[in-house]
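Below: one structure, written as structure tokens.
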Protein chains: 4
Amino acid sequence: MRILPPLFAVLISLSCFAEPAPQSITGQWIFTIQQPDHLFAARGQLTASGRNVSGTADSFPIRGSVDGGNITLELLNPDGSVAIRLGGQSDGAIMKGTAKDSDGMDYTWSAERYPGRSSNRRIIDFTPMSYARFFSGLTPPVLRISAGDTVRTSSIDAGGIDASGKRVSRGGNPLTGPFYVVGALPGDTLVVKLKRITLNRDWAQSGTEIVSNAVAPEYTAGMHRGKGLTGRWHLDAKSGTASIQGGSDAVKALRVPLQPMLGGIGVAPPMQEVSNTRASGSFGGNMDYSRLRKGTTVYLPVYQPGALLLLGDAHAAEGDGELAGDALETSMDFEFTVDVIPNFSLDMPCADDGDSWMVIGIAGSLEEALRRSTTAMATYLEKEHGLNSNEAAMLLGAAMKYDVADVVGDQVSIVARLPKSLIAQLPPGKNLF
Amino acid sequence: MRILPPLFAVLISLSCFAEPAPQSITGQWIFTIQQPDHLFAARGQLTASGRNVSGTADSFPIRGSVDGGNITLELLNPDGSVAIRLGGQSDGAIMKGTAKDSDGMDYTWSAERYPGRSSNRRIIDFTPMSYARFFSGLTPPVLRISAGDTVRTSSIDAGGIDASGKRVSRGGNPLTGPFYVVGALPGDTLVVKLKRITLNRDWAQSGTEIVSNAVAPEYTAGMHRGKGLTGRWHLDAKSGTASIQGGSDAVKALRVPLQPMLGGIGVAPPMQEVSNTRASGSFGGNMDYSRLRKGTTVYLPVYQPGALLLLGDAHAAEGDGELAGDALETSMDFEFTVDVIPNFSLDMPCADDGDSWMVIGIAGSLEEALRRSTTAMATYLEKEHGLNSNEAAMLLGAAMKYDVADVVGDQVSIVARLPKSLIAQLPPGKNLF
Amino acid sequence: MRILPPLFAVLISLSCFAEPAPQSITGQWIFTIQQPDHLFAARGQLTASGRNVSGTADSFPIRGSVDGGNITLELLNPDGSVAIRLGGQSDGAIMKGTAKDSDGMDYTWSAERYPGRSSNRRIIDFTPMSYARFFSGLTPPVLRISAGDTVRTSSIDAGGIDASGKRVSRGGNPLTGPFYVVGALPGDTLVVKLKRITLNRDWAQSGTEIVSNAVAPEYTAGMHRGKGLTGRWHLDAKSGTASIQGGSDAVKALRVPLQPMLGGIGVAPPMQEVSNTRASGSFGGNMDYSRLRKGTTVYLPVYQPGALLLLGDAHAAEGDGELAGDALETSMDFEFTVDVIPNFSLDMPCADDGDSWMVIGIAGSLEEALRRSTTAMATYLEKEHGLNSNEAAMLLGAAMKYDVADVVGDQVSIVARLPKSLIAQLPPGKNLF
Amino acid sequence: MRILPPLFAVLISLSCFAEPAPQSITGQWIFTIQQPDHLFAARGQLTASGRNVSGTADSFPIRGSVDGGNITLELLNPDGSVAIRLGGQSDGAIMKGTAKDSDGMDYTWSAERYPGRSSNRRIIDFTPMSYARFFSGLTPPVLRISAGDTVRTSSIDAGGIDASGKRVSRGGNPLTGPFYVVGALPGDTLVVKLKRITLNRDWAQSGTEIVSNAVAPEYTAGMHRGKGLTGRWHLDAKSGTASIQGGSDAVKALRVPLQPMLGGIGVAPPMQEVSNTRASGSFGGNMDYSRLRKGTTVYLPVYQPGALLLLGDAHAAEGDGELAGDALETSMDFEFTVDVIPNFSLDMPCADDGDSWMVIGIAGSLEEALRRSTTAMATYLEKEHGLNSNEAAMLLGAAMKYDVADVVGDQVSIVARLPKSLIAQLPPGKNLF
């Protein structure tokens with residue numbers, strides 16, 4: 001079994017279909033240069049004029065030559081000296097080869113066409129055959145999509161059980177994906193609009209004890225346990241409510257409103273790092289935030305080429321904090337559209353549900369999570385809308401809300417939330433709103 | 001200057017008006033026995049039949065005798081032995097004297113008539129002449145009120161400035177009161193319904209920097225300060241909005257919705273403890289919670305006879321956390337009604353705004369504040385509505401919300417909030433709802 | 001019963017012994033002016049020349065006149081105008097009377113002779129007759145002492161039980177004192193050298209469960225309880241060890257080294273604030289720090305005239321954190337010497353045991369306690385020894401230690417501790433070392 | 001480039017040297033069965049008698065047959081049915097092949113001889129050629145060692161600079177290893193005795209600012225920065241001290257004692273998880289604990305076959321908390337011996353320096369880190385030495401110490417430390433002491 005970084009895997013498979021006849025290499029490209037401890041990735045463009053090639057990759061000017069399928073490119077330093085020299089072959093869709101930098105170090109490199117934003121926005125029906133339990137740059141993507149594309153797919157529940165009640169994966173939040181978003185590069189923001197999240201079965205499973213870090217230890221030690229309670233909920237899509245199965249008379253009449261949401265939305269973390277899908281961080285992940293529901297747009301920092309988006313861990317309803325450890329875990333059908341904001345990153349997960357702009361602070365303690373979300377919100381107002389720090393303080397002090405999204409696990413999250421009606425009264429943002 | 005515990009001060013002043021002619025002592029009384037380190041306070045009732053007296057004080061049977069203004073009462077142990085013997089005088093409204101317990105220790109004691117719930121609910125206009133800066137059992141009350149009474153009064157702002165802009169107190173959250181609620185005893189719950197909170201001036205003053213514990217230290221170190229900003233807001237009651245005075249163009253158009261509230265509502269803490277009015281705790285205090293507004297009913301544990309209620313620190317608007325240290329601090333007119341739930345205490349501040357039942361957890365850290373509010377909410381569901389711990393976990397995990405009320409100062413607060421529409425689907429509460 | 005601020009109580013009792021014949025008022029005095037919400041206290045000196053009096057109180061120049069026992073003093077503003085005019089009587093040892101400030105407000109004032117540092121250092125044997133359960137400016141002092149004096153006294157245990165096993169106070173950390181240190185004023189540092197702490201009985205009582213906030217809730221819920229264990233320890237002064245009474249065979253051979261210490265050392269907190277003796281804060285209090293033992297000198301900020309020092313809550317031994325809620329609580333004999341550093345305050349408790357300089361950070365969370373102690377230690381190095389912040393960082397990063405003194409209760413404490421051998425290599429301190 | 005799990009890589013290389021002639025397969029083996037989402041690893045033993053094979057792998061009985069180099073093995077369920085059937089080849093040192101379980105799923109499997117504890121303890125000189133920046137089960141090992149072996153090697157500093165001052169790696173705590181410890185399996189404890197840690201250059205580099213989470217934000221905002229300070233220390237091995245280079249006169253005379261230690265010691269985390277070497281967790285990692293020095297034995301849970309031990313990040317001295325972000329970072333020579341305790345795991349890093357037994361609690365907050373270390377220490381006393389929870393509470397409350405090892409980064413650590421002299425008075429441990 002060969003485990004390859006996803007881009008290379010994709011390149012290999014694509015190159016099987018590549019035309020033998022050389023095409024012009026003029027156009028937009030994404031370059032990747034694999035260094036031992038670092039992946040250089042850059043958007044660029046090339047113009048071929050006869051055998052001569054010129055262009056750029058990020059801030060580097062390029063000069064080079066093409067001869068049939070053989071290509072040579074030099075990325076230049078500001079002083080005109082050669083930073084790195086790439087040699088290889090092109091089939092018009094893919095280029096790859098070896099590189100040598102000014103220190104004499106050798107690398108491999110490749111490039112693929114950068115499609116830009118999809119002009120004909122596709123709607124793709126995708127039936128998952130496998131599920132991912134790790135956010136990782138090494139997980140092979142299940143589908144390549146482009147900015148503007150909409151995907152209609154489904155998720156199994158956090159325990160690995162699908163709509164029909166069959167276990168199809170180990171538990172621990174198996175997610176759907178990863179989706180490789182062509183053109184998404186480190187330093188960009190991936191935009192994921194949740195267009196629809198729909199129940200596809202009539203039951204959910206929740207925890208039956210409040211997680212011990214959210215109550216006094218004496219409460220945990222002295223719990224009054226009920227008999228016959230398994231954590232199972234009946235979901236009634238018609239009335240839009242959930243009811244506890246097997247409870248005592250005290251909860252017989254209780255009907256909790258349904259509010260379908262996705263608990264897990266994230267991308268591959270930086271570099272070689274790998275997190276399991278029960279974890280969360282600046283890459284998103286197991287955020288378990290009840291406002292990540294139909295109509296909400298999620299913004300995630302991109303750390304790996306293609307972003308490698310995973311989604312799932314659907315909840316039929318969830319209170320703040322996901323207090324019982326598991327919310328109303330169920331399988332769902334859902335639909336999302338992706339987009340990319342190039343060269344802009346808030347470096348933490350954000351969201352917009354039309355009413356509020358939300359910044360999701362994730363850390364090892366509530367104190368630190370709150371500091372992160374507040375800092376990011378204040379910084380956002382300053383950088384995007386031009387407020388000074390005092391004005392930001394006055395606005396946030398008068399009108400910002402916090403949500404305690406998740407208190408389960410090693411990372412907890414507090415969301416800073418500001419009404420968009422107030423943001424609309426500020427000067428327009430540079431990148432958002 | 002004599003500083004006296006409030007009850008004694010009141011008794012002394014009342015006794016000046018007491019009739020010399022003895023009246024029957026039959027009726028309801030509140031007894032207090034001052035021990036060196038402890039104040040015993042109890043509701044009781046006495047029945048005089050000729051010279052013989054019988055009755056109870058809390059669980060103690062009473063037997064005794066009355067002879068003109070002279071009275072002797074014995075509180076009895078379960079085995080019929082005398083726990084403590086009280087001797088003294090009664091004028092019909094007040095009794096007082098000295099006591100000796102079974103160990104031969106001497107105390108002073110007193111009793112006053114317990115009015116029960118006011119049958120003719122009074123509306124009292126009260127113009128404060130002084131303000132309190134400490135929650136303390138030693139602060140003399142400014143007004144005696146009874147359950148059912150409504151008080152119409154006003155508060156100055158947190159800096160001590162009144163509606164006319166005149167400084168009438170030192171700053172640090174000077175509050176209106178204390179109001180002595182006749183019949184409120186330790187172990188009871190004081191119920192304060194906020195019937196009206198109205199602006200009485202057109203400006204407010206807020207902080208201009210996010211408190212340093214709510215942002216990354218690097219943010220505080222690198223703030224982009226604006227010029228000319230003093231934290232002053234213009235309040236426009238007509239449009240119901242507030243606007244920043246002296247800000248840059250970025251905030252010129254900004255209009256933040258007004259939401260008048262009281263930041264400080266509390267009673268005297270237990271025993272000899274004294275807290276300044278910038279502090280908060282199980283006694284309430286500087287909770288700075290934006291949902292303590294018109295229409296909200298606040299529930300506070302009573303720790304001292306009469307409760308000694310203080311209110312004020314009005315805010316024209318406040319985001320979660322009171323992030324700028326001071327919210328939109330202003331003076332207000334307000335109106336509240338008090339009630340007492342005898343022999344029932346949740347031992348922490350709670351509130352009900354019609355939509356939600358709220359438990360306010362106050363502690364030295366967000367983690368601990370969250371644990372306290374969650375524990376209290378779960379315990380409430382179990383004790384009042386008969387759920388077992390697993391059912392409580394499922395309900396809270398599916399539908400409870402948290403508010404981060406206040407992150408300023410040595411105590412922070414997190415509120416657990418549950419929709420009353422869900423509580424209404426549970427069996428009726430024993431003491432509430 | 002009249003509850004008076006301690007100074008006034010003392011003045012009243014002292015004035016009974018005052019000579020009727022007027023003496024010269026030349027000399028050092030301590031002035032106190034009681035304002036409604038504030039106590040002005042200042043060291044000063046007066047020189048009488050005939051009927052004319054001149055001098056200072058803090059930074060205020062004084063001019064005045066004396067006529068027999070009648071005295072008039074004016075405290076002057078920098079521009080020569082009168083800030084406040086004091087009129088009253090002097091008996092040579094005490095002055096008191098009424099005052100009127102430039103706004104026409106009326107106050108009471110008094111002054112007493114300031115002895116300076118005791119030239120003949122007294123050794124005072126003091127047998128406590130009562131114990132204090134609150135740190136408060138209102139608690140009447142049990143003894144007046146001066147800088148340089150040594151007191152030999154004793155403490156009962158945290159439960160109120162004395163050396164003979166008799167309960168002589170309610171529990172909750174009853175402490176010995178308050179000791180009124182003549183000449184200690186707000187803004188000063190009180191220096192308390194613990195010269196001796198000696199067992200005076202052969203048993204101690206500890207908790208038998210780890211406090212729930214120091215272990216995982218699951219541990220508390222699943223504890224393996226032993227039978228017959230009451231928390232009682234046998235103390236063997238001869239071998240210097242303690243052994244568990246009534247334990248299983250597993251602890252039969254266990255002998256834990258004795259290390260007598262005082263858990264509670266504190267002064268009255270600022271203004272009207274009152275804290276019970278289970279609490280701690282910048283005023284010291286229930287610090288429960290095992291290094292506050294024989295040979296250690298404790299530094300406390302003074303917030304009230306006379307400081308009002310309380311000591312006690314002795315422990316025969318204590319691990320970090322006082323994990324079992326109660327350490328090895330016992331009664332002790334102890335001996336301490338007091339001193340005052342005028343006009344210098346670190347605003348938090350500090351200590352020196354010869355080996356280390358310790359700054360005790362007390363707060364609602366470990367994170368904040370650590371921040372406070374680190375900040376104070378860095379600030380100390382900068383202000384006292386002239387290091388810049390980078391040098392302080394390098395020194396602390398290379399050699400500072402933390403102790404987790406106390407994790408029990410609403411306040412926890414973390415101590416920053418720096419070897420004195422390193423401090424000795426720095427430029428001499430301005431006020432210390 | 002083929003990235004393979006380390007065991008497979010090793011097997012491939014080893015198999016090149018394997019003898020073609022079949023040997024008896026009798027003996028001890030380590031089996032690994034690679035399932036899609038899980039690696040089954042087990043110690044076992046086989047006995048060949050003619051063509052028949054019997055034995056065990058963990059709790060599974062084995063039956064099978066051998067025919068020349070071809071081997072068939074069946075792992076049996078308790079009821080005697082076949083759980084999984086392995087078929088493949090053996091060269092006497094290595095077996096491998098394919099497997100099919102009772103559900104018909106196909107896997108690959110392999111087995112290698114399990115050497116047990118090295119009878120001739122080797123001393124291996126190892127000169128690192130590369131450094132690892134991630135704890136990962138995917139990193140190919142640099143050396144295979146056995147229990148009892150001693151390795152003499154070196155580390156570069158946290159910034160990637162070696163003894164000669166040459167940068168030989170990217171920064172971020174490049175560590176030496178991974179060392180594959182033959183026979184270490186998930187569920188075991190890896191024992192690493194640090195026999196020697198020696199300076200190999202005369203300078204170190206530290207941070208020059210206290211990390212912002214360890215001081216008040218106001219301190220960070222108002223730092224008094226010095227000029228000319230780069231964080232460089234001169235290390236004088238002869239006097240055993242370090243001195244600040246380029247500091248002001250205030251620190252000219254300062255000589256801080258050297259105390260060489262390793263900041264980073266860890267193994268590969270569970271499953272596919274990957275952590276960078278700046279992180280820490282139950283697998284150890286960047287613990288930055290000053291007591292991990294010469295003479296200390298470190299105990300780490302094993303999560304991957306071979307453990308995959310990394311060591312380095314040497315510090316010439318470090319105060320508690322690694323306050324300046326970087327301690328006195330330098331390169332070192334060091335020597336360690338490994339051992340394995342089979343089928344025993346404390347599931348968190350522990351250490352023993354002869355004086356103290358230490359349990360290292362690592363978490364996202366000091367509160368949680370303290371809870372983890374206390375819980376583990378109490379559990380250790382109960383499970384290993386037979387104390388009940390009350391006795392453990394009394395002992396820990398009387399004598400346990402905490403060290404605040406590290407406050408830098410997303411994980412912080414608090415160490416619970418108990419004198420071994422006290423442990424020696426308890427019944428002997430089942431697995432330790």
Side-chain angles (χ1 to χ4, degrees), chain A residues 206-210 214-216 219 223-226 229 231 242 244 247-248 250-251 253-256 317-324 327-328 365-367 370-372 374-375 378-379 382 385-391 393-402 404 407 414 422 425-427, chain B residues 206-210 214-216 219 223-226 229 231 242 244 247-248 250-251 253-256 317-324 327-328 365-367 370-372 374-375 378-379 382 385-391 393-402 404 407 414 422 425-427:
Chain A
S206 80
T208 59
E209 295 185 8
I210 303 178
V215 279
Y219 178 84
M223 281 196 300
H224 306 100
R225 288 191 172 78
L229 214 67
I244 294 175
S248 73
V251 296
L254 186 66
R255 297 293 176 273
V256 174
E318 184 199 300
D320 279 358
E322 204 190 19
L323 269 189
L328 277 65
S365 70
L366 293 176
E367 258 76 13
L370 182 140
R371 277 192 285 272
R372 289 187 186 178
T374 316
T375 302
T379 303
E382 298 177 26
H385 297 285
L387 276 64
N388 60 49
S389 300
N390 302 120
E391 292 164 346
M394 290 179 76
L395 170 52
L396 298 184
M400 193 178 78
K401 297 286 179 192
Y402 287 114
V404 179
V407 300
I414 288 189
L422 293 177
Q425 299 174 26
L426 304 176
Chain B
S206 80
T208 59
E209 295 185 6
I210 301 178
V215 277
Y219 179 84
M223 282 197 298
H224 306 99
R225 289 191 171 77
L229 213 68
I244 294 174
S248 73
V251 295
L254 186 66
R255 296 294 176 273
V256 174
E318 185 199 299
D320 279 0
E322 205 189 20
L323 268 190
L328 276 66
S365 69
L366 293 177
E367 256 79 13
L370 182 139
R371 276 191 286 271
R372 290 188 185 177
T374 314
T375 303
T379 303
E382 298 177 25
H385 297 286
L387 277 64
N388 61 47
S389 300
N390 302 120
E391 292 165 344
M394 289 180 77
L395 171 52
L396 298 185
M400 195 180 76
K401 296 287 179 190
Y402 288 114
V404 180
V407 300
I414 287 189
L422 292 177
Q425 299 173 26
L426 304 177

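Naming convention: chains lettered A, B, ... in sequence-line order (proteins, then strands); numbering from 1 in each chain.
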Okay, A/R255 and chain B: the region with an atom under 4.5 Å from a heavy atom over there is both
One option among A/A398, A/P427, A/A393 has the most heavy-atom pairs under 4.5 Å with chain B, and it is A/A398
Note: A/N388 and B/H224 closest approach over all heavy atoms is CB-O, 3.2 Å
In terms of heavy-atom pairs under 4.5 Å with chain B, the winner among A/G247, A/A399, A/A327, A/S248 is A/S248
Cut-off 4.5 Å, heavy atoms of chain B, and the answer for A/E391 is both
So, the part of B/L387 with a heavy atom under 4.5 Å from chain A: the answer is both
| task | Applying side-chain contact (heavy atoms from CB on, under 4.5 Å), run through B/T374 and A/Y219 and close with a yes or a no. | result | CA-CA 10 Å; B/T374 314; A/Y219 178 84; over 6 Å; no
Bottom line for A/L328: the part with an atom under 4.5 Å from chain B's heavy atoms is side chain
Nearest heavy-atom approach of B/L323 to A/M400 is CD1-CE, 3.5 Å
One option among A/L426, A/T208, A/L395 has the most heavy-atom pairs under 4.5 Å with chain B, and it is A/T208
Turns out that what part of B/L229 lies under 4.5 Å from chain A's heavy atoms comes down to side chain
Looking only at B/E382, B/E322, B/R372, the option with the highest number of non-hydrogen pairs under 4.5 Å against chain A is B/E382
Residue from B/I210, B/L366, B/I244, B/V251 scoring the most non-hydrogen pairs under 4.5 Å with chain A is B/L366
Answer key: most heavy-atom pairs under 4.5 Å with chain A among B/G386, B/A216, B/A324 is B/A216
Scored by heavy-atom pairs under 4.5 Å with chain A, the best of B/A214, B/G397, B/A253, B/S206 is B/A214
Most heavy-atom pairs under 4.5 Å with chain A, out of B/V407, B/T379, B/L422, B/I414, belong to B/L422
When you compare the side chains of B/E209 and A/S389, does any donor N or O come within less than 3.5 Å of an acceptor on the partner?
no
Within the structure provided, determine whether B/Y402 and B/D320 are in side-chain contact (heavy-atom separation under 4.5 Å).
no
Highest number of heavy-atom pairs under 4.5 Å with chain A among B/G321, B/G231, B/A317, B/A250 belongs to B/A250
